[in-house]
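Structure record follows, encoded as structure tokens.
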Amino acid sequence: MRRSAACWWLTRMAWLAAGAAHAGRPLQTDDAGVLDAGACEIEGAHERLRVSGVTARDTALAFYCGFGWGSQTGIATSRAHADGGSASGTAVGGKTRVWNAGDGGPALTVAWSLAWARVDGSWRHAEDVARLVWSMPAGPGTLHLNVGHARDRIRS
């Protein structure tokens, strides 16, 4: 019984540690695909979380377009509310293809973003992000690896 309890706890701790290593704020990741020149996409998200009687809501909208040379750029905005307070943010970002093995094959891109947040009634540069993004077909799905650096300019 002691061995199975230790294995159970070890497995749970490994899953918790792996969850943080898989992606950024929680479970955000990118793929190495880049939009073709003239192609655009819109992404939207809304989440609601309730913990210990406190409800938080976050809504985000992003618009990206490919402009050629294996690159795309875009803008995103978000608004969050929690416990009577609110926060706003906006970001610009993009990615450029470094290598692509062909349609449906592995690919590597460089991705970046600059973000601003409304803090105490004024807009401040909030974050810089740069990363390498690798995607590779793996069976019926795709494996994505994001390695990079993010700098929180407000807290640092």
Side-chain angles (χ1 to χ4, degrees), residues 1-35 39-66 71-96 106-156:
M1 183 68 169
R2 181 176 291 198
R3 178 185 277 173
S4 65
C7 287
W8 185 86
W9 279 107
L10 184 60
T11 303
R12 296 304 174 257
M13 294 307 291
W15 274 108
L16 289 174
H22 283 216
R25 296 186 191 129
L27 300 179
Q28 291 178 348
T29 190
D30 201 354
D31 62 77
V34 176
L35 294 171
C40 296
E41 70 181 10
I42 296 174
E43 295 178 356
H46 178 77
E47 64 183 353
R48 183 172 184 253
L49 178 65
R50 185 174 178 88
V51 176
S52 301
V54 176
T55 300
R57 296 181 321 275
D58 189 8
T59 303
L61 185 65
F63 179 71
Y64 297 96
C65 287
S71 297
Q72 72 180 53
T73 191
I75 188 166
T77 184
S78 65
R79 181 103 171 133
H81 301 275
D83 203 22
S86 64
S88 300
T90 191
V92 294
K95 55 186 174 178
T96 299
L108 178 69
T109 63
V110 173
W112 60 272
S113 68
L114 304 171
W116 292 265
R118 189 173 183 100
V119 178
D120 299 326
S122 64
W123 286 93
R124 292 184 49 195
H125 187 177
E127 184 179 54
D128 304 319
V129 176
R131 64 182 173 266
L132 285 172
V133 181
W134 178 68
S135 295
M136 184 180 100
T142 303
L143 176 66
H144 303 289
L145 177 65
N146 291 222
V147 178
H149 175 74
R151 179 174 179 203
D152 184 337
R153 293 185 165 270
I154 293 176
R155 292 186 188 149
S156 59

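Because only heavy atoms are used, hydrogens play no part in the values below, and waters and symmetry mates are left out as well, while side chains stay in.
Looking at every heavy atom in both residues, Trp116 comes nearest to His125 through CD1-CA, 3.3 Å. For the pair Ala32 and Leu108, the tightest heavy-atom approach, listed with the atom from each and the gap, is CB-N, 4.1 Å. In terms of heavy-atom proximity, Val133 sits nearest to Ala111 at CG2-CB, 4.0 Å. For the residue pair Ser78 and Asp58, the shortest heavy atom distance occurs at CB-OD1, 4.1 Å. Of all heavy-atom pairs spanning Ser135 and Thr142, the tightest one is CB-CG2, 4.1 Å. A pairwise comparison of heavy atoms in Leu132 and Val110 identifies CD2-CG2, 3.7 Å as the closest pair.
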Next on the checklist: side-chain contact (heavy atoms from CB on, under 4.5 Å), that's the test. Do Val34 and Thr96 meet it? Break it down for me.
Outcome noted: CA-CA 7 Å; Val34 176; Thr96 299; over 6 Å; no

Next on the checklist: Using side-chain contact (heavy atoms from CB on, under 4.5 Å), reason through His144 and Asp30 one step at a time and then give a plain yes or no.
Outcome noted: CA-CA 7 Å; His144 303 289; Asp30 201 354; over 6 Å; no

Next on the checklist: For a side-chain contact (heavy atoms from CB on, under 4.5 Å) check, start with the C-alpha distance between Val92 and Thr73, then their side-chain angles and the critical distance, and finish with the verdict.
Outcome noted: CA-CA 7 Å; Val92 294; Thr73 191; 5.6 Å; no

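To the nearest 0.5 Å, the span separating OG1 on Thr90 from CZ on Arg118 amounts to 12.0 Å. Residue Ile42 holds its CD1 atom at 6.5 Å from CG of Leu61, rounded to the nearest 0.5 Å. We find the CH2-CG distance between Trp134 and Asn146 to be 11.5 Å, quoted to the nearest 0.5 Å. Here Glu43 contributes atom CD and Phe63 contributes atom CZ; the two are 11.5 Å apart, rounded to the nearest 0.5 Å. Atom CG of residue Leu143 and atom CG of residue Asp31 lie 12.0 Å apart, to the nearest 0.5 angstrom. Remark: Arg79 CZ to Thr59 OG1 distance equals 10.0 Å, nearest 0.5 Å.
Counted by atom type alone, Ser86 and His81 present zero donor-acceptor pairs between their side chains at under 3.5 Å.
Although no hydrogens or angles enter the test, the distance criterion places no donor-acceptor pair under 3.5 Å between the side chain of Lys95 and the main chain of Arg131.
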